Amino acid sequence: MDDEFYMNLALREAKKASEIDEVPVGAIIVNQQDKVIGYGHNNPISSSDPTGHAEINAIRMASKAINNYRLADTTIYVTIEPCIMCMGAIINARIKKIVFGTKDPKWGAAGSLYNMAEDKRLNHHPKVVNGICRDQAKEIIQSFFRHKRSK
């Protein structure tokens with residue numbers, strides 16, 4: 001699996017969120033055969049749904065694609081470190097691996113604020129890889145908020 005290739009797809013999803021004035025986060029879910037089975041971007045504002053995070057949207061699509069709420073042997077690529085809600089969904093879906101671009105010190109639950117993947121009290125522990133396309137992921141989010149503050 002080419003982590004940079006799939007992270008670039010997630011970055012494209014993040015740009016879609018930015019285009020609709022949502023926080024630019026994108027996610028892609030890939031199966032063992034290296035096929036994208038789910039993708040999504042943030043849309044909680046436009047959907048009036050606080051669960052409208054990129055990861056949740058990608059998980060919903062992937063689950064429908066394979067007709068199963070368990071996404072074992074999949075990898076999720078997300079542009080920014082997942083929050084507590086998204087980590088909970090990732091763990092519940094039994095996603096095998098999380099690859100993210102940049103850390104989120106205010107919300108991150110895959111090592112920054114919390115480390116849910118290593119919490120032995122939970123029954124699933126996905127592998128976590130971070131820093132893939134970090135500069136691009138960091139720039140898209142920082143650029144979005146710079147623009148917001150300048151208004």
Side-chain angles (χ1 to χ4, degrees), residues 1-20 22-47 49-141 144:
M1 229 181 258
D2 181 352
D3 289 345
E4 284 189 25
F5 173 80
Y6 292 110
M7 187 59 73
N8 277 302
L9 295 179
L11 286 163
R12 278 196 231 161
E13 284 297 312
K15 288 175 186 163
K16 290 179 187 177
S18 186
E19 289 167 3
I20 59 171
E22 298 272 5
V23 175
V25 179
I28 300 289
I29 297 178
V30 179
N31 68 13
Q32 255 184 318
Q33 293 75 38
D34 295 338
K35 180 181 178 204
V36 174
I37 60 169
Y39 55 87
H41 56 273
N42 272 6
N43 68 351
I45 298 165
S46 58
S47 67
D49 180 357
T51 68
H53 288 203
E55 300 94 323
I56 302 294
N57 291 330
I59 288 169
R60 286 178 176 149
M61 179 183 281
S63 295
K64 284 182 182 166
I66 67 166
N67 199 32
N68 194 332
Y69 73 107
R70 296 283 193 233
L71 298 172
D73 297 320
T74 62
T75 299
I76 187 167
Y77 292 85
V78 60
T79 56
I80 193 165
E81 182 180 357
C83 70
I84 297 165
M85 174 182 68
C86 293
M87 278 301 292
I90 289 165
I91 290 167
N92 276 306
R94 306 298 193 273
I95 292 173
K96 186 176 187 174
K97 183 177 168 186
I98 303 163
V99 179
F100 68 87
T102 191
K103 292 185 175 192
D104 187 348
K106 293 183 179 181
W107 288 93
S112 291
L113 188 60
Y114 298 99
N115 198 344
M116 292 174 68
E118 292 185 11
D119 190 329
K120 299 302 179 211
R121 297 169 295 179
L122 299 173
N123 65 348
H124 178 68
H125 306 99
K127 179 181 178 184
V128 177
V129 175
N130 74 65
I132 304 299
C133 301
R134 177 187 3 242
D135 294 340
Q136 299 96 309
K138 196 173 185 178
E139 175 55 30
I140 194 169
I141 199 109
F144 177 81

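Being a predicted model, the structure only gives us computed values, none of them experimental.
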Validation row: Asp104, Cys83 side chains within 4.5 angstrom (heavy atoms): no

Which residues pass the side chain to side chain donor-acceptor pair (under 3.5 Å) test with Glu13, not counting sequence neighbours? Lys16, His41

Determine whether Leu122 and Met116 make a side-chain contact, defined as any pair of heavy atoms from C-beta on separated by less than 4.5 Å. yes

Side chain of Thr79, backbone of Gly26: donor and acceptor closer than 3.5 Å? yes

Test side-chain contact (heavy atoms from CB on, under 4.5 Å) on Lys97 and Asp3; report intermediate values, then the result. CA-CA 11 Å; Lys97 183 177 168 186; Asp3 289 345; 4.1 Å; yes

I need the Ser112 OG to Phe100 CZ distance, nearest 0.5 Å. 6.0 Å

Glu139: partners by side chain to side chain donor-acceptor pair (under 3.5 Å), with sequence neighbours left out: Arg146

Please list all pairs meeting side-chain hydrogen bond (donor to acceptor under 3.5 Å, both in side chains) that have one or both residues in residues 84-96, counting only residues at least two apart or in different chains. none

Nearest heavy-atom contact between Ala117 and Met87 is N-CE, 3.8 Å

Could you tell me if the side chain of Leu113 sits less than 4.5 Å from the side chain of Lys106, heavy atoms only? no

Under the 3.5 angstrom rule, does the side chain of Glu22 hit a backbone N or O of Ile45 as a donor-acceptor pair? yes

Which atom pair, heavy atoms only, marks the closest approach of Ile90 to Pro82? CD1-CG, 4.0 Å

Nearest heavy-atom pair of Gln136 and Leu11: which atoms, and what distance? CB-CD1, 3.8 Å

Would you check, one step at a time, whether the test side-chain contact (heavy atoms from CB on, under 4.5 Å) holds for Ile59 with Ile95? CA-CA 9 Å; Ile59 288 169; Ile95 292 173; 4.0 Å; yes

List the steps, then state whether side-chain contact (heavy atoms from CB on, under 4.5 Å) holds for Met85 with Thr51. CA-CA 8 Å; Met85 174 182 68; Thr51 68; 3.8 Å; yes

In this structure, are over 12 heavy atoms from other groups packed under 6.0 Å from Arg60 atom CZ? yes

For the OH atom on Tyr39, are there more than 12 heavy atoms of other groups (residues, nucleotides or ligands in this structure) within a distance under 6.0 Å? no

Close side-chain approach of Leu9 and Tyr6, heavy atoms under 4.5 Å: yes

For Pro24 and Ile140 the tightest heavy-atom approach is CG-O, 3.6 Å

Would you compute the distance between atom CD1 of Ile28 and atom OG1 of Thr74 and round it to the nearest 0.5 angstrom? 12.5 Å

Can you name the closest pair of heavy atoms from Asn43 and Ser47 and give their distance? O-OG, 2.6 Å

Any chance CZ of Arg12 has more than 12 other-residue heavy atoms, nucleotides or ligands included, within less than 6.0 Å? no

Without swapping roles, check the side chain of Asn42 against the backbone of Val23 for a donor-acceptor pair under 3.5 Å. yes

Could you tell me which non-hydrogen atom of Gly101 sits nearest to which non-hydrogen atom of Ala137, and how far apart they are? CA-CB, 4.0 Å

